[in-house]
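Okay, so here's the structure we're looking at.
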2 protein chains.
Amino acid sequence: MKAYSQLSKEKLLALKSDLEKQFEDVKAKGLKLDMSRGKPSKAQLDLSNGLMDILNSKVNLVSSDGVDCRNYGILDGISDARKLLADMSEVPERNILIYGNSSLNVMFDTVARAMTHGIMGSTPWCKLDKVKFLCPVPGYDRHFAITEFFGIEMINVPLLETGPDMDMVEKLVSEDEAVKGIWCVPKYANPTGISYSDETVRRFAHLKPAAKDFRIFWDNAYSIHHLYDDKRDVILELLNECVKAGNPDMVLKFISTSKVSFPGSGIAALAASEANLADAKRYMKFQTIGHDKLNQLRHVRYFKDMQGMYNHMRKHADILRPKFEKVLEVLDKELGGLGIGTWTKPLGGYFISFDSMDGCAKAIVAKAKEAGLVMTGAGATFPYGKDPHDSNIRIAPSFPTVEELEVAAQIFVLSVKLVSIDKLLNA
Amino acid sequence: MKAYSQLSKEKLLALKSDLEKQFEDVKAKGLKLDMSRGKPSKAQLDLSNGLMDILNSKVNLVSSDGVDCRNYGILDGISDARKLLADMSEVPERNILIYGNSSLNVMFDTVARAMTHGIMGSTPWCKLDKVKFLCPVPGYDRHFAITEFFGIEMINVPLLETGPDMDMVEKLVSEDEAVKGIWCVPKYANPTGISYSDETVRRFAHLKPAAKDFRIFWDNAYSIHHLYDDKRDVILELLNECVKAGNPDMVLKFISTSKVSFPGSGIAALAASEANLADAKRYMKFQTIGHDKLNQLRHVRYFKDMQGMYNHMRKHADILRPKFEKVLEVLDKELGGLGIGTWTKPLGGYFISFDSMDGCAKAIVAKAKEAGLVMTGAGATFPYGKDPHDSNIRIAPSFPTVEELEVAAQIFVLSVKLVSIDKLLNA
């Protein structure tokens, strides 16, 4: 394929005319397709239906540590759930605290807590003139929405192949006491799918923050969400690295089973130093008498241990893999060599990240919508919804079927081509 | 029975010696009894075991409004759950917002939200020099703990037979802009078991607060928790009264199924004006993608409607009634006419409230503990744990068996008698 930028104006116009016809044909079908959110598909949900059978009126509803899971109490979570989520988080059991159904809720509450009560005795952030967070970009819109909601200033940090630009992170964190946190999705990042290198993790562990209440918000949302058995990203465990570096309190790790069992009906946890967990519990003990222990028991009895969870995740991968491959196949075939976009080829997670030519992302998403394809809003992967290059688009292939994805990907590449040609013609 | 205050010193000393022997006999048994927390008993929990069978891999997990309850989404709760909790709250469906597993969590988050974001556009409370809450006393320790945790000044308001002293409430609320809320348990109050009179509810609805972000925190924890079929408290529905009085936004009602189905694994809701719910959702939408819809579905399919819930509550009452009656029987028999204590005889809820002679409550609770009986800490029913008269003790008869309660009540009355005699001897 010849790069579009090498084509003459006449060739581009001819191409455009041809592509417009194709586009009108697809548009005429009146399709409704959605590649916008990282939702598991029905087939994936079906994998966990057995969870609904595990607890019933004929089985004992007492946990192995003797807790009647039907009654009040046990703020930390039942012991078996603590063990399972600790294993999933790769930390000792003493470093885990079980929450409710959503790790997003844990992150939100952690920021809310810092606002009103500070972190481990620090000044409440709401009493400070300025609080800043570093935001590796592109990143997860719901992270950025939390910090924006609390009036925290967000600073973009480029996300490289190896993780956030650590030169920039080290400089900002060590020089500015207002920098209190950084949002990270260290494995199969949302949306690029990259995983942080060992060096990046070690540099995180060795940060020398100006603010003693600086915390790394480590959202390990896709820790076991591999697409392949034989090609997997592995990342260093940050809490342990922080302990070795003499910074045991610097990291807060968030995890959940939302994309393992059922989104909305899973269990979430915070993994951190005992001092951080004690601080979290000082807040939580006023907030609740305890989370849903029956759901904890349900998960523990269903998955049993990490081997059970790994086996389960292989079934998810079997469903997700062909979807990623289908989208990538269309992107490769239709856009390869055209020089009008680049995209990631992740080994896990829920997203493919696409970068168009500068200034085209919004127009591409709008174009796709004309033909009935909903994409994540352009800009969503940046703080304040502002992509400075207007180039990044998050592709979420999990929810549609492979057949739908084939059509959706065709609409997408047509949209990319048409918008890119316009861009080149108007350059 | 002759009142203790009428007895001579000699008679009191003789009585004391006799009671001390009885006390030592009980103490020697090395009992472990607990009348401290309002926890349902095992027999009550067994009533809801069928909840565990309702959802299984063979039934449809789609709600009647077409939502796959296994996946992400639906911030407000599924329609059937909204309807059930709206009925339980006696409000239209448009006035209900479903939360997670705990109404305490909803109340906490409501205060947290007001601290950082204000209420319906008001100044965030954390930006104000002073925020005050009115606290009808005796009341619920966990309410007071929330406001104390957020540094809110608490003002005691006497709880009368008809509800809070409304003369005092009206005066404080209308004169002081720093007064932002009042904690209420309007039905079968914790701990006195009284229910607010119609006049009290109407006076609440007609309050003219100095602060436009003043809210009545109406914790309807025991709305359907009657002990008798033929003797029941009925209270006016406050939201409707507020609407009629032109104050639709003044009340926030909290409810949950914690003591209907399983504590910790129930569903909670906020009932309020649409403007208040929109305000709550502006916060919630950053906090979570949605609560546990499978648990909502489980409850809806199990209880079906309010008739289902009422029938279920009758079974709870059948278990609870003999317990309340046993404790009251011992109190009547052993303390009646002695003039050393008064107690309430509630028709519902989870508590009996006992008032000793001034300055005796702490000593009574300590004495009971000597013999292995744990009571709610004296003072817990007051803000800051400070009962100005040191007289109120909350009795929670729900968890122990009737047989255990008989012994526990005996230890309690022995403790009351011994401490009261000491008080009279030292007067």
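Naming: A, B, ... by sequence-line order, numbering from 1 per chain. Every heavy atom of this structure was used, including side-chain atoms; hydrogens, water molecules and symmetry mates were not.
Ring geometry for B:H117 versus A:F150: interplanar angle over 60°, hence perpendicular rather than tilted (30 to 60°).
Top candidate by heavy-atom pairs under 4.5 Å with chain B, chosen from A:G73, A:G50, A:G100, A:G264, is A:G264. Listed options A:D46, A:I54, A:V111, A:V59 were ranked by heavy-atom pairs under 4.5 angstrom with chain B; first place goes to A:D46. Your options are B:T288, B:L45, B:N101, and the one with the most heavy-atom pairs under 4.5 Å with chain A is B:L45. Counting heavy-atom pairs closer than 4.5 Å to chain B, the top residue among A:R37, A:K58, A:K259 is A:K259.
For the pair A:I289 and B:P263, the minimum side-chain heavy-atom distance is 4.5 Å or more. You'll find the side chain of B:C69 stays beyond 4.5 Å of the side chain of A:F262, heavy atoms only. With contacts defined as side-chain heavy-atom distances shorter than 4.5 Å, the pair B:N295/A:N295 does not qualify.
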(request) Show your reasoning for whether side-chain contact (heavy atoms from CB on, under 4.5 Å) applies to B:R142 and A:F286. (result) CA-CA 7 Å; B:R142 289 186 186 269; A:F286 297 110; over 6 Å; no
(request) With side-chain contact (heavy atoms from CB on, under 4.5 Å) as the test, would you mind laying out the steps for B:F149 and A:T116 before giving the verdict? (result) CA-CA 10 Å; B:F149 183 62; A:T116 55; 5.7 Å; no
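The main-chain N or O of B:K42 is never found under 3.5 Å from a side-chain atom of A:D68 such that the two would form a donor-acceptor pair. Judged by distance alone, with hydrogens and angles left aside, the side-chain atoms of B:K127 form a donor-acceptor pair with the main-chain N or O of A:C126 at under 3.5 Å. In this structure a side-chain-to-backbone donor-acceptor pair under 3.5 Å is missing from B:N71 to A:K39.
For B:R70, the parts lying under 4.5 angstrom from a heavy atom of chain A are both the backbone and the side chain. With a 4.5 angstrom heavy-atom cutoff, B:R298 touches chain A only via side-chain atoms. Of the two parts of B:S102, only the side chain, counted from C-beta on, holds a non-hydrogen atom closer than 4.5 Å to a non-hydrogen atom of chain A. For B:D109, the part sitting under 4.5 Å from any heavy atom of chain A is the side chain, from C-beta outward, and nothing else. For A:F144, no part lies near chain B; criterion is any non-hydrogen pair under 4.5 Å. Of the atoms belonging to B:N105, heavy atoms from both backbone and side chain fall under 4.5 Å from chain A.
Taking all atoms of both residues into account, the shortest heavy-atom contact from A:L61 to B:M52 is CD1-CG, 4.0 Å. The shortest heavy-atom contact between A:Y72 and B:G38 is CE1-O, 3.8 Å. Annotation for A:S57 and B:N49: closest pair CB-O, 3.7 Å, computed over non-hydrogen atoms. Across every non-hydrogen atom of A:S265 and B:D292, the tightest pair is OG-OD1, 2.6 Å.
Between the CG atom of B:L55 and the CG atom of A:D53 there is a distance of 10.0 Å, given to the nearest 0.5 Å.
Ring pair B:Y283/A:F108: centre-to-centre distance below 6.0 Å.
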